[in-house]
Amino acid sequence: DFGVTNIKSLSNLFARYFHKSPLKVINERIILESKRLLEFSDKNINEIAYTLGFKEISHFSKFFKTHVGISPTDYQQTYVK
């Protein structure tokens with residue numbers, strides 16, 4: 001049973017060792033993988049969104065823009081040569 005006490009303990013461990021919440025660490029990892037896929041894979045944005053667990057490209061695009069400041073399309077056009 002993964003109760004509230006265990007969740008709080010996990011949050012405390014993240015705060016102590018990462019100085020971030022578990023959600024922030026997960027979101028940073030998703031963004032890092034998003035950027036890697038946008039730059040180095042031949043997948044289109046729909047495929048990347050699906051690969052990362054997003055059911056709708058609009059949710060992925062909004063998530064990406066919130067964290068990076070530009071859309072995945074703009075990121076790809078700017079950083080992919």
Side-chain angles (χ1 to χ4, degrees):
D1 182 32
F2 201 72
V4 173
T5 303
N6 291 332
I7 292 171
K8 187 64 179 163
S9 296
L10 181 63
S11 294
N12 288 338
L13 284 172
F14 270 78
R16 175 178 283 170
Y17 294 105
F18 297 109
H19 306 288
K20 301 172 188 172
S21 72
L23 180 60
K24 186 163 177 72
V25 172
I26 291 166
N27 287 344
E28 287 176 353
R29 182 65 184 101
I30 291 170
I31 290 299
L32 184 65
E33 185 65 6
S34 299
K35 288 178 175 180
R36 187 187 72 77
L37 290 169
L38 288 166
E39 291 180 45
F40 301 111
S41 80
D42 59 354
K43 292 182 178 184
N44 64 42
I45 294 171
N46 287 331
E47 293 170 319
I48 291 170
Y50 181 76
T51 298
L52 295 172
F54 292 88
K55 294 191 183 341
E56 300 288 334
I57 188 172
S58 61
H59 295 150
F60 171 66
S61 293
K62 183 176 181 180
F63 175 84
F64 191 90
K65 188 168 185 173
T66 297
H67 291 278
V68 179
I70 59 175
S71 71
T73 303
D74 290 343
Y75 183 88
Q76 206 170 36
Q77 291 172 352
T78 302
Y79 295 101
V80 176
K81 305 226 182 244

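Shown here for Val80 and Leu38, the closest heavy-atom pair between the two residues is CG2-O, 3.1 Å.
Rounding to the nearest 0.5 angstrom, the gap separating the CG atom in Leu32 from the CG atom in Leu37 is 9.5 Å. Separating the CD1 atom in Ile57 from the NE2 atom in His59 is a distance of 11.5 Å, to the nearest 0.5 Å. The structure places CD1 of Ile70 at 9.5 Å from CD of Gln77, a figure rounded to the nearest 0.5 Å. Rounding to the nearest 0.5 angstrom, the gap separating the OH atom in Tyr17 from the CG atom in Asn12 is 11.0 Å. The distance from the CD1 atom of Ile45 to the CZ atom of Phe54 is 13.0 Å, given to the nearest 0.5 Å.
Phe60 pairs with exactly one of Asn46, Ile30, Ile48 by the side-chain contact (heavy atoms from CB on, under 4.5 Å) rule, that one being Ile48.
Within the 4.5 Å cutoff, the side chain of Ser61 has heavy atoms near those of the Pro72 side chain. Within the 4.5 Å cutoff, the side chain of Ser21 has no heavy atoms near those of the Ser11 side chain.
For the ring-ring contact (aromatic ring centres under 6.0 Å, His included) test, residues two or more places apart in sequence or in another chain that qualify with His67 are Phe63.
Under a hydrophobic-cluster definition in which Ile, Leu, Val, Met, Phe, Trp and Tyr are linked whenever side-chain heavy atoms come within less than 4.5 Å, directly or via other members, Phe64 and Tyr50 are assigned to different clusters.
For residues 33-54, every residue pair satisfying the salt bridge (charged side-chain N to carboxylate O under 4.0 Å, His left out) rule, not counting sequence neighbours, is listed here: Arg29-Glu33, Glu33-Arg36.
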